[in-house]
Amino acid sequence: EVQLVESGGGLVQAGGSLRLSCAASGFTFDVYAIGWFCQAPGKEREGFSCISTSDGITNYADSVKGRFTLSSDSAKNTVYLQMSSLKPEDTAVYYCALSEGDYDVSSGPREFEYDYWGQGTQVTVSS
């Protein structure tokens, strides 16, 4: 059974940084992508970044470009989301999701493309 576990959320002041982790386990396929989504209070969940673990290619939404950075550790099957210059509007529950197989990151993460989801981790940015 594929499992995704996010960690690293918490409370941070505006301008601060957090690093989220997404640890994947229970799968046998070699090629996959990890997407990151967030759901702010009263809003729909939206994708903002993704990484193809086979080649390390990433994609970022304009709202996080230059502030958020994805990286992966293939030995640990873990993807990291480094978030810097955080803003109060970044407050949300953050989810990682896994898409099996080859993945074109150029279009950004779209929910229907992802097969497995983590439980989410809360990020709160105070002003």
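Since this is a predicted model, take the numbers as computed values, not measurements.
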**Student:** What pairs meet the ring-ring contact (aromatic ring centres under 6.0 Å, His included) rule with one or both residues in residues 4-27, with sequence neighbours excluded?
**Tutor:**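 Residue pairs with at least one partner in residues 4-27: Phe27-Phe29, Phe27-Tyr32.
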
**Student:** Holding to side-chain hydrogen bond (donor to acceptor under 3.5 Å, both in side chains), I want the full list of residues that pass it with Gln122, two or more places apart in sequence or in another chain.
**Tutor:** Thr124

**Student:** Run the ring-ring contact (aromatic ring centres under 6.0 Å, His included) test against Tyr80 and tell me which residues pass, sequence neighbours left out.
**Tutor:**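 Tyr80 satisfies ring-ring contact (aromatic ring centres under 6.0 Å, His included) with no residue once adjacent residues are dropped.
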
**Student:** Would the distance check show the side chain of Gln119 and the main-chain N or O of Val5 forming a donor-acceptor pair, the cut-off being under 3.5 Å?
**Tutor:** no

**Student:** Would you give the length of the straight line joining atom CZ of Phe48 to atom CH2 of Trp36, rounded to the nearest 0.5 angstrom?
**Tutor:** 7.0 Å

**Student:** Any salt bridge (Lys or Arg N to Asp or Glu O under 4.0 Å) pairs touching residues 112-127, not counting sequence neighbours?
**Tutor:**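 For residues 112-127: Arg110-Glu113.
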
**Student:** Considering only residues two or more places apart or on different chains, which pairs with a residue in residues 28-52 satisfy salt bridge (Lys or Arg N to Asp or Glu O under 4.0 Å)?
**Tutor:**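 Of all non-adjacent pairs touching residues 28-52, those that pass salt bridge (Lys or Arg N to Asp or Glu O under 4.0 Å) are Arg45-Glu111.
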
**Student:** Who else is in Phe37's hydrophobic cluster (ILVMFWY, side-chain heavy atoms under 4.5 Å, direct or via others)?
**Tutor:** Ile57, Val93, Tyr95, Tyr103, Val105, Tyr114, Trp117

**Student:** Let me have the donor-acceptor pairs involving side chains of residues 67-75, under 3.5 Å, with sequence neighbours excluded, atom names and distances please.
**Tutor:**
unit_1, atom_1, unit_2, atom_2, d
Arg67, NH1, Ser85, O, 3.0
Arg67, NH1, Asp90, OD2, 2.8
Arg67, NH2, Ser63, O, 2.9
Arg67, NH2, Asp90, OD1, 3.1
Asp73, OD1, Ala75, N, 3.1
Asp73, OD1, Lys76, N, 3.3

**Student:** Taking all heavy atoms of Leu18 and all of Gly8, pick out the closest pair and write down the distance.
**Tutor:** CD2-O, 3.8 Å

**Student:** Which pairs with one or both residues in residues 14-69 pass disulfide bond (SG atoms under 2.5 Å apart), sequence neighbours excluded?
**Tutor:** Cys22-Cys96

**Student:** What pairs of residues pass the side-chain hydrogen bond (donor to acceptor under 3.5 Å, both in side chains) test when at least one of them lies in residues 53-62, not counting sequence neighbours?
**Tutor:** Ser52-Ser54, Ser52-Asp55, Asp62-Lys65

**Student:** Rounded to the nearest 0.5 Å, what's the gap from CD1 on Ile34 to OG on Ser99? Could you check?
**Tutor:**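 Reported value, rounded in 0.5 Å steps: 9.0 Å.
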
**Student:** Which pairs pass salt bridge (Lys or Arg N to Asp or Glu O under 4.0 Å) with one or both residues in residues 96-109, sequence neighbours excluded?
**Tutor:** none

**Student:** Main chain of Val125, side chain of Thr91: is a donor-acceptor contact present, judged purely on distance under 3.5 Å?
**Tutor:**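 Answer holds: yes.
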
**Student:** What is the minimum heavy-atom distance between Glu6 and Thr121, and which atoms define it?
**Tutor:** CB-CG2, 4.0 Å

**Student:** Considering residues at least two apart in sequence or located in another chain, which fulfil the side-chain hydrogen bond (donor to acceptor under 3.5 Å, both in side chains) criterion with Ser7?
**Tutor:**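 Counting only residues at least two positions away or on another chain, Ser7 forms no side-chain hydrogen bond (donor to acceptor under 3.5 Å, both in side chains).
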
**Student:** With sequence neighbours left out, what residues match Ser127 under side-chain hydrogen bond (donor to acceptor under 3.5 Å, both in side chains)?
**Tutor:**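 Counting only residues at least two positions away or on another chain, Ser127 forms no side-chain hydrogen bond (donor to acceptor under 3.5 Å, both in side chains).
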
